[in-house]
S.K.: 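Below: one structure in structure tokens.
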Amino acid sequence: MDDHPVHPPPPESSGLPLLHNLTCSEIESWMVAHGTPPYRARQLWQWLYVHRCRDLARMTNLPATLRNQIADAFVTDPAHITETQGVEGDTRKLLLRLRDGEQVESVLIPAENRRTICVSCQAGCRFRCAFCASGQAGFRRNLEPGEILAQVLSACDLWQQPPTHVVFMGIGEPFDNYDAVLQAVRTLNDQDGFRIGARRITISTCGMVPGIERLAGEGIQVELSVSLHAPNNALRNRLMPVNQRYPMEVLMPACDAYTRQTGRIITFEYTLIHNLNDGPECARELARLLQGRPARVNLIPLSPVAEFPHAPPAPEQAERFAAILTEARINSTLRLSRGCALDAACGQLRYRPL
Ligand code: SAH
């Protein structure tokens, strides 16, 4: 572990809004309102997201008076890395301190041809899935769009280039902070932004049906993952309280409608928990549930979480589960969870109260 601060300590919160919370057209309106030609907005935008510059003094193609006006109205430095764990080239966990002192975690996952960042979208989580660390300390607040982007900017600093993939699988529920997440996604995808292809951006939901319905109408080709974890209501209710609000007879038709409307296949996440949802009968029930549905299943062995006294399955048990799905012609992959040693694996990211 190296826990050196990568940046100087964060400045006290000035109460000013974060520049990275604005869309390019909002910056344009601001420019016009401040007597500046609208083309300046695109120049500023490129400084922020192509050059990933937080220092107004370096934005030398913008007039000094404009830079002063921006400095008087906005914060340009959205977050600071207060801690990094792990070593370069391997999975690393970042702790980011936001302007009000809240802290969130992100995970950088390098692989041969890709650089993936797993981002958080909320400080804490309301959904309290039994097996997930993120909601154990409750919910504090939504992240602003710029605070989601700040995590990606930190990854750019450490990697000295943008990630190739972004997954919304850190702390929080993306559809419980829908607008900020979608705005961040659009900036990640923007040709003058991070230029990350929509299909390389994954939103993972615990099954908030209104969000699935809204995303279907966005006309954006992001990947959608739905955390299922159980093949029936009785078991899913035990693991995921959200199932009482959006039970499977509501969730599955919403997923079908999403696929019909977008032509996109949904990935169902299924965390395998020893003696709880990893038996052959669960595998067969899952296969029946997904039969005839264009779907993919990601099987993830449980990552240990202190508050949930259960274990992952033995490897043979996990393989048996996967084999039953394969026999039923359901597409599945058994994922090796990375980052366990750092408590940086799926479901281990934790909100740390102030
Ligand atoms: N709220 C979103 C995204 C965050 S969790 C969602 O629920 O999908 C990202 C993924 O990690 C989800 O599939 C989640 O169910 C899974 N996960 C949570 N806790 C886990 C654990 N202890 N072991 C393995 N996977 C876990």
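Every heavy atom of this structure was used, including side-chain atoms; hydrogens, water molecules and symmetry mates were not. As the structure lists them, so they are numbered: ligands from 1, and atoms in each ligand from 1.
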S.K.: Would you mind listing which atoms of ligand 1 come within a distance below 4.0 Å of any non-hydrogen atom of Val305?
M.R.: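 Under 4.0 Å from Val305, ligand 1 has these atoms: 22 (N).
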S.K.: With rounding to the nearest 0.5 Å, note down the distance linking OG in Ser332 to OH in Tyr270.
M.R.: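 Ser332 atom OG to Tyr270 atom OH measures 12.0 Å (nearest 0.5 Å).
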S.K.: Backbone, side chain, both or neither: what part of Ile171 comes under 4.0 angstrom of ligand 1, heavy atoms only?
M.R.: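 Looking at Ile171 and ligand 1, no heavy atom falls under 4.0 Å.
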S.K.: Would you kindly specify which portion of Thr271 sits under 4.0 Å from ligand 1, judged on non-hydrogen atoms: side chain, backbone, both or neither?
M.R.: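 Thr271 to ligand 1: side-chain contact only, backbone stays beyond 4.0 Å.
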S.K.: Considering His229, Met208, Met169, which one's heavy-atom position lies nearest to atom 14 (C) of ligand 1?
M.R.: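 Ranked by closest heavy atom to atom 14 (C) of ligand 1, first place is His229.
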S.K.: Please enumerate all residues that pass side-chain contact (heavy atoms from CB on, under 4.5 Å) together with Pro312, with sequence neighbours excluded.
M.R.: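 side-chain contact (heavy atoms from CB on, under 4.5 Å) list for Pro312, sorted by chain: Pro301, Leu302.
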S.K.: Could you tell me whether some N/O pair between Phe131 and ligand 1 is separated by less than 3.5 angstrom?
M.R.: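 So ligand 1 has an N or O lying under 3.5 Å from an N or O of Phe131.
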S.K.: Where the closest heavy atom to atom 4 (C) of ligand 1 is concerned, which of Ser204, Pro312, Gly170 has it?
M.R.: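 The option holding the nearest heavy atom is Gly170.
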S.K.: In terms of atom number and element, which parts of ligand 1 are under 4.0 angstrom from non-hydrogen atoms of Leu302?
M.R.: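 What qualifies from ligand 1 is 21 (C), 22 (N), 23 (N).
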S.K.: Strictly by modelled atom types, are Asn298 and Thr333 linked by a side-chain donor-acceptor pair under 3.5 Å?
M.R.: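 Checked: Asn298/Thr333 side chains pair up, N/O donor to acceptor below 3.5 Å.
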S.K.: Just let me know how Glu269 lines up against ligand 1, side chain, backbone, both or neither, with a heavy-atom cut-off below 4.0 Å.
M.R.: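 The answer is the side chain.
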S.K.: Under the side-chain contact (heavy atoms from CB on, under 4.5 Å) criterion, do Thr259 and Arg293 qualify, and how do the steps go?
M.R.: CA-CA 9 Å; Thr259 299; Arg293 293 189 145 107; over 6 Å; no
S.K.: Counting both backbone and side chain atoms, is some N or O of Gly172 under 3.5 Å from an N or O of ligand 1?
M.R.: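 Yes.
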S.K.: Please determine if Arg141 and Asp176 form a salt bridge, counting it only when a charged side-chain N lies under 4.0 Å from a carboxylate O.
M.R.: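 Looking at Asp176 together with Arg141, the answer is no, because their closest N to O distance does not fall below 4.0 Å.
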S.K.: Looking at ligand 1, would Ser134 count as a contact under a 4.0 Å heavy-atom criterion?
M.R.: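 No heavy atom of Ser134 comes that close to ligand 1.
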S.K.: Any nitrogen or oxygen of Ser303, main chain or side chain, under 3.5 Å from a nitrogen or oxygen of ligand 1?
M.R.: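 Right, the criterion is met.
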S.K.: Hey, what's the ring geometry for Tyr49 with Phe194, parallel, tilted or perpendicular (30° and 60° as the breaks)?
M.R.: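 Tilted: the ring planes of Tyr49 and Phe194 meet at 30° to 60°.
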S.K.: Which of the numbered atoms in ligand 1 are under 4.0 angstrom from any heavy atom belonging to Cys132?
M.R.: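 Taking each heavy atom of Cys132 in turn, ligand 1 has 18 (C), 19 (N) under 4.0 Å.
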S.K.: Who pairs with Glu285 by side-chain hydrogen bond (donor to acceptor under 3.5 Å, both in side chains), at least two apart in sequence or on another chain?
M.R.: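 With neighbours one apart ignored, the set is Asn232.
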S.K.: Under 4.0 Å from a heavy atom of Ser227: give me the atoms of ligand 1 that qualify, with their elements.
M.R.: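 Answer, ordered by atom number: 6 (C), 7 (O), 8 (O), 12 (C), 13 (O), 14 (C), 15 (O).
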S.K.: Taking the six-membered ring of Tyr258 as reference, does the NZ or CZ atom of Arg264 fall below 6.0 Å from its centre and within a 45° cone about the axis?
M.R.: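 No; the conditions do not both hold, so Arg264 does not lie above the ring face of Tyr258.
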